[in-house]
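Lettering of chains follows the sequences in order, A, B, ..., and the numbering in each one begins at 1.
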Amino acid sequence: MLNSLNSPQREAIKYLDGPLLVLAGAGSGKTRVITEKIGYLINEAGYHAKEIAAITFTNKAAREMQERVSKLMAGKETQVKSSKGLTIATFHSLGLQMLRAEASLLGYKPQFSILDSSDSFKIVADILATTDKQLLRKTQYQISAWKNGFINPDQAKASAEEELTHATAKVYQLYQQTLKAYQAVDFDDLIKLPVELFEQHESALNKWQRKLQYLLIDEYQDTNACQYKLVKMLTGVRGQFTAVGDDDQAIYGWRGADVENLRQLTEDFSKLKVIKLEQNYRSTVRILRAANAVIANNPKLFEKKLWSELGTGDMIQVSAQQSEESEAESVLMKLQAHKFEHRTRFLDYAILYRGNHQARVFEQLLRNQKIPYTISGGQSFFDKAEIKDVVSYLRLVANEDDDPAFIRAATTPKKGIGNTTLERLGEYASAHKMSLFAAAFEQAFQAEIGHKQCDDLMKFCQYINKLQARAVRDPAGEVLNDLVTSIQYEAFLYDNEESRAADSKWANVLEFIGWLTKKGASSTEFGNENAGKNLLELTQMVSLMSMLEGREDGEPDAVKLSTLHAAKGLEFGHVFLIGVEEGILPHRESVDAGVLDPSKIEEERRLMYVGITRAQKSLNISWCKKRKRAGEMQLCEPSRFIAELPSADLRHFGNPFNDPDISKDFGKSKMANIRAMLANK
DNA sequence: GGAACTTTCAATTAC
DNA sequence: TGAAAGTTCC
């Protein structure tokens, strides 16, 4: 089994004497090490599958790992052990699992709701009573940062030095109270609350420590303080875990992730063993040289040098374009020519970018040219309005204290319940400290509003009551189909949209129902006792799950469009890195913040590094001289990261020296800058 | 109360 | 360019 591995890989898999940190460079076979180690633990080291948990950051990574473990275990000829009961989960779904089991200890009912960030945004807006988006975003961000750092409202207040911070801490406190009243948690709570739980209830901690004997943590460099705390508590004094990470690929600092956690590990666990994986099995020497050259401009946490035996490879192409449109055109032209010439498939190509909006131009052109593509990153299926509409009913049925769900369900589709009624209901509910749903049934409240309004409201509430009874009794699929029928959702879609848009939305709803139903029939996701989930139990998973899960039709042959963040962990034969300009990569906000805090620029550089290291055989980098930004045309300069590439490995297209158009746009001094920049490296 | 229209503003990254 | 908020009218 361990034959085709190199020696550090083999060592990492076999090492069981204590805590282990695997520093795995890009493309060094890190997922393979984790999956093979799971197999080793089960088949050779006497662990039961149900005692092992592998924790990842994304559903995609969890799914891939699950598939690879299944394949590995099935491939064993002398298979006696099984991977049944193995936990492969994201931090968030593991947290949900724990919270669900122990909810009552924290004063929650097991059917608590999970709010998405737009729900929590609205709550913050309510508390602050403002529409100032900038302020709201900052507040929401600050609250999230506190949670990720495991700081509760009281601590936040105590440590606040500025007036504004103190005020925000108060909002944080009110926000938490609101969530509790709604019997709801946000994404950050899914990590933070289990840690609180384990701090307060040793018996719960002991239970989970006994259950999860061995932990494997993927993408360790992306853990935040809270997640690290959770890992430390779960592994306890035993310290039986394998953390796998790469400080050069830490790109989630803005989400509270702290690369320091890597260093912290060496301090917290004196017996920590460190193994480096430095052989790259993915990219050509040129691509690797480019990656190493760029990342060399960052200070290092651990010394590490990637090498490859895959040959020198093609030159890296850098092209300057006139506009986003011409960039898209040139990329797709190059792509199609390359595909024709090399007889490759569409799925060998990826177009990677910094921000989601950059995909738009490409999508349009891809559609025009009838090139198949898939788009990842960006908003998930579950953020689509039509899905959230349906889910709001489910959330309300599962948890009638969920006011945000109440409001959405009560008003979508329109059913005679308007703003005035809802406002009065809200006033009554908050005066009497009850949920909107409960308030609607109050005699005193009903006396306040008109007859027609009261009738419509009661009709809705009684319908929810009916659904509640059915949800625990009837098959999920049946209830769901009846639900969309009785709220006349299909008609609602076609009334409000032109038919093409409505078609796709309705198809999404049906796909969602089909998916959820299948999930309910055969859920192995949360390998716990209650198999055969009913509608209520499925509802909670929805906000964390990915639709693509369990889809049997493998990857379609399509060009991949992806943000750099979402591309981490993936690899492609041929990569187009687009929009590599100052202000985009590095992003303008990071450049501004970078004046005071160089780590902001360093994170952008790691993003560039991640982009480069996705490529196996060829890499195309492009930037635009002009770009439309919020309507206005803007002049752009090539990213500083282009100047950091090794010039011997580059081939320039639309070279600024020879392009009169660029010279004219930039004027002499800027041209000199660029020239110096390019010549320097 | 709610549909239909007009105006305004804005785009990191994501579980 | 597109979504969200504001405004008008039935």
Q: Starting at NZ of K133(A) and ending at P of dA4(C), how long is that distance when rounded to a whole Å?
A: 7 Å
Q: Should N356(A) be listed as having a side-chain N or O under 4.0 Å from OP1 or OP2 of dT13(B)?
A: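 For dT13(B), OP1/OP2 do have a side-chain N/O of N356(A) under 4.0 Å.
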Q: Hey, which of these two, R137(A) or T58(A), hits DNA chain B nearer its 5' end, going by closest nucleotide?
A: R137(A)
Q: Return the value, rounded to whole Å, for the distance between atom CG of D119(A) and atom P of dC15(B).
A: 17 Å
Q: Give a yes/no answer on whether the side chain of T563(A) brings an N or O atom under 4.0 Å of OP1 or OP2 in dA14(B).
A: yes
Q: Is the shortest distance from a Lys or Arg side-chain nitrogen in R606(A) or D247(A) to a carboxylate oxygen in the other one below 4.0 Å?
A: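 The answer is no: the pair does not qualify as a salt bridge.
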Q: Quick one: label F91(A) by what it contacts on the DNA or RNA (base, sugar-phosphate, nothing), any heavy atom closer than 4.0 Å.
A: nothing
Q: Do any side-chain nitrogens or oxygens of N148(A) fall under 4.0 Å of OP1 or OP2 in dC15(B)?
A: no
Q: So Y252(A) and W254(A), would you call those rings parallel, tilted or perpendicular, with 30° and 60° as cut-offs?
A: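 Aromatic pair Y252(A)/W254(A) classed tilted.
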Q: How many angstroms lie between atom NZ of K232(A) and atom CG of N261(A), to the nearest 0.5 angstrom?
A: 8.5 Å
Q: When the P atoms of dG6(C) and dA11(B) are compared, how many Å lie between them, rounded to an integer?
A: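 Straight-line distance between the two P atoms is 16 Å.
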Q: Rounded to whole angstroms, how far apart are NZ on K628(A) and P on dA10(B)?
A: 19 Å
Q: Using modelled atom types only, decide if a donor and an acceptor are shared between the side chain of N399(A) and the backbone of Y182(A) within a distance under 3.5 Å.
A: yes
Q: For DNA chain B, what residues of residues 217-233 of chain A have any heavy atom nearer than 4.0 Å?
A: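 Residues of residues 217-233 of chain A that come under 4.0 Å of DNA chain B do not exist, since none gets that close.
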Q: Which nucleotide wins on minimum distance to the side chain of T420(A), given the candidates dG1(B), dG2(B), dC15(B)?
A: dG1(B)
Q: Would you mind reading off the distance between E603(A) atom CD and dT13(B) atom C1', rounded to a whole angstrom?
A: 9 Å
Q: Among the candidates dA14(B), dG2(C), dG2(B), find the nucleotide nearest to the side-chain atoms of Y252(A).
A: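 Among dA14(B), dG2(C), dG2(B), the one nearest the side chain of Y252(A) is dA14(B).
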Q: Grab the CD1-C1' distance between I251(A) and dC15(B) for me, whole Å please.
A: 13 Å
Q: Is it the case that the side chains of E219(A) and Q221(A) hold a donor-acceptor pair, with the cut-off being a distance below 3.5 Å and no angle test?
A: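 Judged by distance alone, the side chains do pair up.
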Q: Determine the minimum heavy-atom distance between L230(A) and F91(A), stating which atoms define it.
A: CD2-CD2, 4.4 Å
Q: Tell me whether the OP1 or OP2 atom of dG1(B) has a side-chain N or O from T421(A) closer than 4.0 Å.
A: yes
Q: Starting at atom CG of L190(A), determine the distance to atom P of dA14(B), rounded to an integer number of angstrom.
A: 19 Å
Q: When the distance from OH of Y141(A) to C1' of dT13(B) is rounded to whole Å, what number comes out?
A: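 Nearest whole value for this atom pair: 11 Å.
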Q: When the distance from NE2 of H357(A) to C1' of dA10(B) is rounded to whole Å, what number comes out?
A: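 That distance rounds to 11 Å.
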Q: Applying a 4.0 Å non-hydrogen cut-off, can you work out what I417(A) is touching in the nucleic acid: base, sugar-phosphate, or nothing?
A: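 I417(A): backbone/sugar contact only, no base atoms under 4.0 Å.
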Q: Would W254(A) count as stacking on dT13(B) if stacking means ring centres less than 5.5 angstrom apart and planes tilted under 30 degrees?
A: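 It does: the two rings, one from W254(A) and one from dT13(B), meet the stacking criterion.
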Q: Give the ring-plane orientation class for F406(A) versus F437(A), where under 30° counts as parallel, over 60° as perpendicular and anything between as tilted.
A: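 The rings of F406(A) and F437(A) stand perpendicular, inter-plane angle above 60°.
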Q: Taking K459(A) first and then D455(A), would you say they form a salt bridge - that is, a charged N and a carboxylate O separated by under 4.0 Å?
A: no
